[in-house]
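This report refers to the structure that appears directly beneath it.
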Amino acid sequence: MTKAAAAAMGSIRHPNLWPPFTQMASAANSQRVVSGEGALLIREQGEPLIDAISSWWVTLHGHAHPVLAKAIADQAARLEQVIFADFTHEPAEQLAVRLSGLCGLQRLFFSDNGSTAVEVALKIACQWWANRGQPRYQIVAFDGAYHGDTFGAMAVGERNLFSAPFEDKLFPVARVPWPTTWWDDDAVEAKESAALEVLERVLETPTAAVILEPLLQGAGGMAMVRPEFLRQVETRTRQAGALLIADEVLTGFGRCGDWFASRRAGIRPDLMALSKGLTGGCLPMGVTMASEAVFEAFVGDDPCLTLWHGHSFTANPLGCAAANASLDLLERNPAAFQQFEQRHRPHLERLARHRKVQHPRLTGTVAGFDLVVEGSSGYLNPAGPKLKRLAMENGVFLRPLGQVVYLLPPLCISDAQLERCYSVLEKALDQL
Ligand code: PMP
């Protein structure tokens with residue numbers, strides 16, 4: 001039996017499940033995963049798979065990490081949940097102090113995932129202007145951005161196939177080009193100048209906030225920009241008096257080689273959305289960090305000043321315990337994320353010479369490139385699924401974004417496993 005046939009035996013199409021981002025008429029069956037072990041996913045059938053994309057960019061320290069598992073179990077035995085409007089608890093307080101210290105924004109507002117963390121940031125930004133009696137309506141976002149799938153997050157994201165059915169429900173947003181760059185990109189400065197010109201023009205309209213994914217647009221195609229560009233954006237945003245929102249849902253917690261991509265880029269946002277790696281990737285949780293200056297505008301006798309927003313599971317103690325344990329692991333070994341770029345580099349340099357590879361790029365734990373493809377480039381390009389299948393047959397789980405291929409592994413991946421990812425990728429490229 002071929003490896004592919006063996007793997008297919010363990011695949012299922014469940015009659016009661018509706019999977020995300022999946023067209024059931026054409027999708028391959030799902031494979032049942034029974035456990036995880038570091039960078040590996042253990043399937044019911046077939047060999048272990050290297051999870052080279054950290055299960056949608058969340059798994060930071062590896063699957064079934066004993067430290068995180070114990071922190072969650074201990075917390076579950078003490079206090080699993082409590083309404084956060086009237087009570088507080090130690091894991092939430094500890095997390096707030098630690099995150100404030102790390103990102104330099106004093107106030108932490110809890111929600112449930114990346115989309116809600118962005119929604120909250122947008123609501124805070126808009127209400128901040130209203131509370132101060134100077135309402136501003138314009139939001140500025142970048143071409144190619146992805147900020148989540150709830151309505152506000154969709155509105156600020158690039159309008160595409162995903163958002164098309166809801167177009168009439170999405171608020172208008174001013175758009176600025178995202179000057180994506182890669183190794184040996186001669187045109188980067190011209191792209192940045194053109195983008196800044198557009199930014200300056202749109203900022204002539206009073207603007208509530210500018211939202212961006214610092215250093216790296218994830219779902220938009222692992223599209224990287226230079227820190228210099230972000231610093232220019234920050235300067236112009238400040239000159240216009242607008243708030244700067246950093247969506248660090250993907251880029252936070254070491255993903256871009258520093259604690260936060262903003263920090264690596266040298267920018268200081270007013271609001272920051274965090275999720276994914278927040279809990280080490282084991283429990284769903286989002287937070288929106290805000291500066292004290294932002295927070296202060298919500299404090300006063302008038303009930304209208306209040307941020308009337310909350311979720312049932314606000315500050316869930318299990319999520320907070322996982323997040324604190326994850327921070328312990330990161331603090332104990334920051335080299336794991338600070339030095340990841342060096343681990344990728346020699347592999348990516350070799351792969352970059354392949355005739356099917358263009359626009360290689362790297363930041364922190366994230367390495368990517370574009371396939372040289374026929375037909376239109378974009379999310380639906382068939383080269384991506386083909387490459388995914390070839391890699392899967394050889395024990396590596398990838399999920400290209402159309403023609404964009406990337407590796408975004410958990411920090412715990414061994415050198416041998418990382419080497420395997422690249423060699424499988426190279427072999428798959430030969431077969432494409
Ligand atoms: N912002 C960014 C930058 C993201 O990458 C994502 C998810 N991929 C989100 C927001 C939305 O997060 P979630 O899927 O947890 O709602």
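In each ligand, atom 1 is the first atom listed, and ligand 1 is the first ligand listed. Given the structure is predicted, the values throughout are model-derived calculations rather than measurements.
M392 is listed as a side-chain neighbour of F397, based on a closest heavy-atom distance under 4.5 Å.
Ion pairing of E213 with R255 is absent here, as no side-chain N (NZ or NE/NH1/NH2) approaches a carboxylate O to less than 4.0 Å. Salt bridge absent: D74 and R78 never bring a charged side-chain N and a carboxylate O closer than 4.0 Å.
Partners of F21 according to the ring pair (Phe, Tyr, Trp, His ring centres under 6.0 Å) rule, which considers only residues two or more places apart in sequence or in another chain, are W56, F162.
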With a 3.5 Å cut-off and sequence neighbours excluded, list the donor-acceptor pairs that the side chains of residues 329-337 form with protein atoms.
residue: E331; atom: OE1; partner: R98; partner atom: NH2; Å: 2.9

Could you give the side-chain donor-acceptor pairs of residues 278-287 under 3.5 Å, partners two or more places apart or in another chain?
residue: T279; atom: OG1; partner: G281; partner atom: N; Å: 3.4
residue: T279; atom: OG1; partner: C282; partner atom: N; Å: 3.3
residue: T279; atom: OG1; partner: L283; partner atom: N; Å: 3.1
residue: T279; atom: OG1; partner: L283; partner atom: O; Å: 2.7

Would you mind writing out a table of all protein N or O atoms found under 3.5 Å from any N or O atom of ligand 1, naming both atoms and giving the distance to 0.1 Å?
residue: ligand 1; atom: 1 (N); partner: D247; partner atom: OD1; Å: 3.3
residue: ligand 1; atom: 1 (N); partner: D247; partner atom: OD2; Å: 2.7
residue: ligand 1; atom: 8 (N); partner: K276; partner atom: NZ; Å: 2.9
residue: ligand 1; atom: 12 (O); partner: S115; partner atom: N; Å: 3.4
residue: ligand 1; atom: 15 (O); partner: G114; partner atom: N; Å: 2.9
residue: ligand 1; atom: 16 (O); partner: N113; partner atom: OD1; Å: 3.4
residue: ligand 1; atom: 16 (O); partner: S115; partner atom: N; Å: 2.9
residue: ligand 1; atom: 16 (O); partner: S115; partner atom: OG; Å: 2.6

